[in-house]
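Data first, discussion second: the structure below is written as structure tokens.
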Amino acid sequence: MLSNLEARILKVIRDSHEISRLEISKLLNLSKPVISQIVTQLIEKGLVEESGISKSSSGRPRIKLKFFPDAWYCIGAELEENYLEVIITDLSGAITLSFREKTPSIKESAEIASWCAQRIKQLMEKSSISQQKILGVGVGISGMVDPNTEIVRTAPAFGMKTFNLKAALERDLKMPVCVANRVKLAALAEYMTGAAKGFSDLLFVFLDSGLGSAVITGDQLFQGYFGKSGEFGWMLTDIDLTKDDICQEQEFGHLARKISGHSLKRFLEMTNGVELDYIMRNLADERSETKIIRKSLLHLIAAIANAILMFDPQMVIIKGRIGQKYFNELSQFILPHLKRMLPSEFHENLQLRCGEIEEFDVALGGVFLVQKKLMNI
């Protein structure tokens, strides 16, 4: 774990291509001797290297510093109902090796944890990186995770309820493990290297098999006191809780029964061969199925409007397989309705942006979670 000052200085070096001690001193308003001392410590830890000399306006040469991402490696994983994805990256998030496999239909928590650990071990064995160089493993799961204990409070797809996935994986892998909700990790990845890089206050909406969200405020991932924030699928958009539901499965949230990949699939199974692609590409169509989906989207827009009023984000980022695939069609439908629903002060600067990371976003978020938890960066 780095000290707070080490972490601050390392972040500056990491976010800059090359930077001198004097430039860091001016940027952080700290004395050059303090900066030099900390930089020496970071060099000794293998995290920073001197990368050359540049001329300054005063004529005195300055030694440039560069982040050294190969000092450590991290493993990121996404454990989802349909698949397991695992990646190995350096500290910059550059992927050196990846793996994807269909998730078996195991409903016993300890068994699915053991299977996950075995697949992670197999990827490590394929890599030339020694275990001593691996900082830890970050796992995103489709379930509710307590941010303080990292215990999985509930993950219905795996039959998990108050299950310590972190401890189970650490016993098998013999290395530190961090566990979080998969949606929040996908948001963290976008914040670090994707569509949200350089912004501090963001709302993420995930339209995937389920419906989720995440909020970053003041450069921090908002978890909520009990870790329950972001349960967008349970948002209320009408006091009649079942109004406009397109699927009836009660384990899904109020809003997710109106608009989510799962509810759309169930709805389309009852139509005469209408495909989602046709509906999403033709949202102005007047056929009955499209009218129903437009109503569903209005519920989603109302929920987004409420979240904007609550958090006042710099932008709204649409993610998830459905959200990203149909971003253009969705944004053209969503923006006018948001402007109709919101006071002008809340939509005058409103931006919708598509998520940029299409592969391994949750696993990549797991990598950055490991760095945050174990290195303080």
Side-chain angles (χ1 to χ4, degrees), residues 1-76 88-96 129-138 147-148 175-178 180 187-194 196-202 216-223 314 364-377:
M1 174 70 81
L2 301 179
S3 70
N4 287 336
L5 191 52
E6 285 177 322
R8 283 180 67 196
I9 292 172
L10 184 60
K11 283 178 185 176
V12 169
I13 297 171
R14 182 182 65 183
D15 294 342
S16 308
H17 178 61
E18 287 182 322
I19 192 168
S20 70
R21 291 168 176 82
L22 181 60
E23 288 169 322
I24 299 170
S25 172
K26 290 178 178 177
L27 193 62
L28 297 181
N29 197 26
L30 293 169
S31 70
K32 192 167 179 292
V34 168
I35 297 297
S36 294
Q37 179 186 351
I38 298 298
V39 166
T40 298
Q41 292 169 197
L42 293 173
I43 290 174
E44 289 172 353
K45 292 178 179 180
L47 294 166
V48 170
E49 60 182 352
E50 294 179 338
S51 60
I53 298 174
S54 66
K55 291 183 179 180
S56 69
S57 57
S58 63
R60 299 182 62 182
R62 293 177 186 168
I63 298 173
K64 291 289 187 179
L65 303 167
K66 186 167 68 173
F67 178 57
F68 186 65
D70 293 340
W72 294 93
Y73 290 83
C74 300
I75 295 174
I88 299 177
T89 79
D90 63 17
L91 292 180
S92 72
I95 297 172
T96 63
I129 303 162
S130 69
Q131 185 166 332
Q132 289 70 33
K133 288 274 284 182
I134 296 177
L135 189 63
V137 181
N148 300 310
M175 66 174 66
V177 174
C178 303
L188 183 60
E190 290 286 352
Y191 169 69
M192 293 294 295
T193 63
K197 187 175 182 180
F199 296 89
S200 63
D201 294 83
L202 303 127
I216 286 178
T217 179
D219 284 315
Q220 296 295 320
L221 184 63
F222 181 73
Q223 299 272 18
Q314 290 169 287
L364 191 57
V367 164
F368 292 123
L369 180 67
V370 167
Q371 294 182 32
K372 184 175 180 61
K373 293 266 189 178
L374 303 182
M375 293 182 66
N376 198 28
I377 60 172

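Heavy-atom minimum distance, Leu47 versus Ala71: CD2-CB, 3.7 Å. Between Lys133 and Ile129, the shortest heavy-atom contact is CB-CG2, 3.8 Å. Closest non-hydrogen pair, Gly365 versus Leu188, comes out as O-CD2, 3.5 Å. Nearest heavy atoms, Tyr191 versus Ala196: CA-CB, 3.6 Å. Minimum heavy-atom separation, Ile216 to Ala187: CD1-O, 4.2 Å. Taking every heavy atom of both residues into account, Pro147 and Gln223 meet most closely at CB-CD, 3.7 Å.
The closest side-chain heavy-atom distance from Leu10 to Phe67 is below 4.5 Å. Residues Thr193 and Phe368 form a side-chain contact, since some pair of their non-hydrogen atoms from C-beta on lies under 4.5 Å apart. Looking at heavy atoms from C-beta onward, Met175 lies in side-chain contact with Gln131 at the 4.5 angstrom threshold. Looking at Asp90 and Trp72, their side chains never come closer than 4.5 Å, going by heavy atoms from C-beta outward.
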>> Run the side-chain contact (heavy atoms from CB on, under 4.5 Å) test on Glu6 and Leu42 for me, step by step, so that the C-alpha distance in whole Å, both residues' side-chain angles and the decisive distance to 0.1 Å come before the verdict.
In response: CA-CA 7 Å; Glu6 285 177 322; Leu42 293 173; 4.2 Å; yes
> What do the steps show when you test Val367 against Ile75 for side-chain contact (heavy atoms from CB on, under 4.5 Å), and what is the final call?
Replying inline: CA-CA 6 Å; Val367 164; Ile75 295 174; over 6 Å; no
> Please walk me through it: do Lys66 and Ile19 pass side-chain contact (heavy atoms from CB on, under 4.5 Å)?
Replying inline: CA-CA 7 Å; Lys66 186 167 68 173; Ile19 192 168; over 6 Å; no
>> Please evaluate residues Lys45 and Leu2 with respect to the criterion side-chain contact (heavy atoms from CB on, under 4.5 Å), reporting the C-alpha separation (whole Å), side-chain torsions for both, the decisive distance (0.1 Å), and the verdict.
In response: CA-CA 10 Å; Lys45 292 178 179 180; Leu2 301 179; 3.8 Å; yes
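Legend: residues meeting side chain to side chain donor-acceptor pair (under 3.5 Å) with Lys11, ordered by chain and number and at least two apart, are absent. With sequence neighbours left out, the salt bridge (Lys or Arg N to Asp or Glu O under 4.0 Å) criterion links Arg21 to Glu50. Residues passing the side chain to side chain donor-acceptor pair (under 3.5 Å) test with Thr96, sequence neighbours excluded: none. Taking the side chain to side chain contact (heavy atoms under 4.5 Å, CB included) definition, one finds that Lys372 meets it with Gln220, sequence neighbours left out. Legend: residues meeting side chain to side chain donor-acceptor pair (under 3.5 Å) with Glu18, ordered by chain and number and at least two apart, are Ser51.
Under 3.5 Å, the side chains of Glu23 and Ser20 contain a donor-acceptor pair of N or O atoms. Side-chain N/O atoms of Asp219 and Ser200 include no donor and acceptor closer than 3.5 Å.
At least one donor-acceptor pair under 3.5 Å links the side chain of Asp201 to the backbone N or O of Gly218.
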Can you list, pair by pair, the side-chain donor-acceptor contacts under 3.5 Å of residues 24-32, counting residues two or more places apart and other chains?
residue: Ser25; atom: OG; partner: Leu30; partner atom: O; Å: 2.4
residue: Ser31; atom: OG; partner: Val34; partner atom: N; Å: 3.4

